[in-house]
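FYI, the numbering just counts along the sequence from 1. Atoms considered below: every heavy atom in the structure, side chains included; atoms not considered: hydrogens, waters and symmetry mates.
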Amino acid sequence: MTDRAVIIVPARFASSRFPGKPLATLRGADGVVRPLIERSWRAAMAVPGIDRVVVATDDARIADVAHGFGAEVVMTPESCRNGTERCAAALAVLGERPDVVINLQGDAPLTPAGLVSALLDRMRAEPDLPVCTPALPCTATMLAALVADQAEGRVGGTTVVFDRRHDALYFSKRVIPHVAPERIAQAPGAVHLHAGLYAYRPDALADYAATPPSAIEELEGLEQLRFLDAGIRVGLAVCPMPAWDLIELNNPGDAPMIEAIMAAHGLA
């Protein structure tokens, strides 16, 4: 029997960098303009083997727009500090207990369906795995760009290191592991990017919501570190880099880059 899987798309209106972000519009390759939350919901709906897709928000404006394009919506508290907490709050009111909950973030419309399927494959192969998330091996060019961003004081992406079982050891906004500059060209695949996409067991979500934020979570600004601090295994699905950059819409200036990727790859 196939495990029952639900995707929750968390979306909040308040954002210090981009207030109202879920309602920002993006033009697809077909010329149609749709709000960000609809594009993220459509990315979730495109994943095979999913039983239910739900938008979880704290704002009536987002809920109204989501209802307008046909999404199921769950209202969650404004007090949710991150997408994982919002997924936990949504699951508590959904009225069911799926085998796997997927968190596909509401600002990630470029998420390929294959990444979600890879998480589900590992969760289904390991029924005792509490959490799973993707790791993508960097090319030498990408690694050089990450190192350059770091040298200039910018965050170019989140990286992850893992053990021989492909379980996470640590996530960081720094480039880990350290690769000496003279070795960058010889070290493709030594550094792995982390994509902000998660699969959880319901018990792991409940444990997360009941656990206070950890010191390293707050220092790094990475919600997934709360699992590691609490001793909860986080498995990695090591996946090939997609054909396009997985840019999230974090700032208004990201929209043209996302639209350019959609146009170049025929993403409607």
Fill in: Side-chain touch Leu23/Ile62, heavy atoms, less than 4.5 angstrom
yes

Discussion item. Which label fits His194 and Phe171: parallel for a plane angle under 30°, tilted from 30 to 60°, or perpendicular past 60°?
Written reply: perpendicular

Item to complete: Give a yes or no on whether the backbone of Pro77 and the side-chain of Arg86 come within a donor-acceptor separation of less than 3.5 Å.
Response: yes

Item to complete: Find the distance between CG (Asp121) and CD (Glu126) and round it off to the nearest 0.5 Å.
Response: 11.5 Å

Fill in: Pairing of Arg122 and Asp128 as salt bridge, 4.0 angstrom limit
no

Worksheet item: Of all heavy-atom pairs between Ala263 and Ala29, which one has the smallest distance, and what is that distance?
Response: CA-CB, 4.0 Å

Discussion item. Do Ile7 and Val54 have side chains that approach each other closer than 4.5 Å (heavy atoms only, starting at C-beta)?
Written reply: no

Discussion item. Keeping Glu220 on the side-chain end and Lys173 on the backbone end, is there a donor-acceptor pair under 3.5 Å?
Written reply: yes

Response to the item:
Taken to the nearest 0.5 Å, the spacing of Asp167 CG from Leu129 CG works out to 6.5 Å

Worksheet, complete the sentence: Between Ala195 and Leu246 the two heavy atoms that sit nearest each other are CB-CD1, 4.2 Å

Response to the item:
The reported gap from CG in Asp58 to CZ in Phe13 (rounded to nearest 0.5 angstrom) is 10.0 Å

Practice prompt. Look at the side-chain heavy atoms of Ile, Leu, Val, Met, Phe, Trp and Tyr, link any pair under 4.5 Å apart, and say whether Val191 and Val155 land in one connected group.
Written response: no

Worksheet item: Looking at Phe227, is Arg233 sitting on its ring face, NZ or CZ under 6.0 Å from the six-membered ring centre and within 45 degrees of the normal?
Response: no

Discussion item. Test your reading of the model: is there a side-chain donor-acceptor pair from Glu85 to the backbone of Arg81, 3.5 Å cut-off?
Written reply: yes

Practice prompt. Decide yes or no for Leu115 and Leu136: does some side-chain heavy atom of the first lie under 4.5 Å from some side-chain heavy atom of the second?
Written response: yes

Worksheet item: Can any side-chain N or O of Arg226 pair as donor or acceptor with the backbone N or O of Thr211 at less than 3.5 Å?
Response: yes

Fill in: Candidate list Leu146, Thr158, Val175, Val160, test side chain to side chain contact (heavy atoms under 4.5 Å, CB included), partner Leu193, passing option
Leu146

Practice prompt. Answer yes or no: is there a donor N or O on one side and an acceptor on the other, between the side chain of Thr111 and the main chain of Ala108, under 3.5 Å?
Written response: yes

Worksheet item: Taking side chain as C-beta onward, heavy atoms only, is Glu72 less than 4.5 Å from Leu94?
Response: yes

Practice prompt. Would you check if Leu225 and Glu218 make a side-chain contact, meaning some heavy-atom pair closer than 4.5 Å?
Written response: no

Worksheet item: Less than 4.5 Å apart, any side-chain heavy atom of Asp149 and any of Glu152?
Response: no

Item to complete: Could you tell me whether the side chain of Thr133 and the main chain of Leu197 form a donor-acceptor pair under 3.5 Å?
Response: yes

Item to complete: Give a yes or no on whether a salt bridge exists between Lys21 and Asp107, defined as a side-chain N under 4.0 angstrom from a carboxylate O.
Response: yes

Practice prompt. Using a cut-off of 6.0 Å, state whether more than 12 heavy atoms not belonging to Glu96 lie near its atom CD.
Written response: yes

Item to complete: May I ask whether Leu169 and Leu222 are part of the same hydrophobic cluster, defined by side-chain heavy atoms of I, L, V, M, F, W, Y residues being less than 4.5 angstrom apart, directly or through others?
Response: yes

Fill in: Cluster check Leu91, Leu119: I/L/V/M/F/W/Y, side chain < 4.5 angstrom
no

Worksheet item: According to a 4.5 Å side-chain heavy-atom criterion applied to Ile, Leu, Val, Met, Phe, Trp and Tyr, with indirect links allowed, do Phe18 and Met257 form part of one hydrophobic cluster?
Response: yes

Worksheet item: Can you name the nearest heavy-atom pair linking Val65 to Pro35, along with the distance?
Response: CG1-CG, 3.9 Å

Worksheet item: Do Glu223 and Tyr208 come close enough that some side-chain heavy atom pair is under 4.5 Å?
Response: yes

Practice prompt. Dump the intermediate steps for side-chain contact (heavy atoms from CB on, under 4.5 Å) on Val73 and Met75, then the final yes or no.
Written response: CA-CA 7 Å; Val73 179; Met75 300 305 295; 4.2 Å; yes

Worksheet item: If only atom types and distance count, is the side chain of Thr76 paired as donor or acceptor with the main-chain N or O of Ala90 below 3.5 Å?
Response: no

Discussion item. Check for me, please, whether Met123 and Val47 land in the same ILVMFWY cluster - side-chain distances under 4.5 Å, paths through other members count.
Written reply: yes

Worksheet item: Is any side-chain N of the basic residue among Asp203 and Arg201 closer than 4.0 Å to the acidic one's carboxylate O?
Response: no

Item to complete: Using modelled atom types only, decide if a donor and an acceptor are shared between the side chain of Ser172 and the backbone of Thr159 within a distance under 3.5 Å.
Response: no

Worksheet item: Can a salt bridge be assigned to the pair Arg4 and Asp99 using a cut-off of 4.0 Å between side-chain N and carboxylate O?
Response: no

Discussion item. Any non-hydrogen side-chain atom of Phe69 less than 4.5 Å from a side-chain atom of Ile37?
Written reply: yes

Discussion item. Minimum heavy-atom separation for Ser40 and Leu104, please, with both atom names.
Written reply: O-CD2, 3.9 Å

Worksheet item: Passes side-chain contact (heavy atoms from CB on, under 4.5 Å), Leu110 versus Ile261? Steps please.
Response: CA-CA 9 Å; Leu110 298 177; Ile261 290 171; 4.0 Å; yes

Worksheet entry | Mutual orientation of the aromatic rings belonging to His166 and Phe162 [parallel < 30°, tilted 30-60°, perpendicular > 60°] | perpendicular

Worksheet item: For Ile247, does its backbone N or O pair with a side-chain atom of Asp245 as donor and acceptor, under 3.5 Å?
Response: no

Worksheet entry | Side-chain (Arg34) to main-chain (Arg42) donor-acceptor, under 3.5 angstrom | no

Discussion item. Which heavy atom of Val6 sits nearest to which heavy atom of Pro98, and what is that distance?
Written reply: CG2-CB, 3.7 Å

Fill in: Closest approach of Cys132 to Ala237 (non-hydrogen atoms, all atoms of both residues)
SG-N, 3.9 Å

Worksheet item: Roughly how far apart are Asp229 CG and Ser214 OG, rounded to 0.5 Å?
Response: 4.0 Å

Practice prompt. For side-chain contact (heavy atoms from CB on, under 4.5 Å), just list the numbers for Val101 and Tyr198, CA-CA rounded to whole Å, side-chain angles, deciding distance to a tenth of an Å, and then say yes or no.
Written response: CA-CA 8 Å; Val101 179; Tyr198 303 91; over 6 Å; no

Discussion item. Return the CD to CZ distance between Gln150 and Arg174, rounded to the nearest 0.5 Å.
Written reply: 3.5 Å

Worksheet, complete the sentence: dist Tyr170:OH -> Leu228:CG (nearest 0.5 Å) comes out at 9.0 Å

Worksheet item: Do Val238 and His192 pass the side-chain contact (heavy atoms from CB on, under 4.5 Å) test, and can you show the C-alpha distance, the side-chain angles, and the key distance before you say yes or no?
Response: CA-CA 9 Å; Val238 180; His192 287 76; 4.1 Å; yes

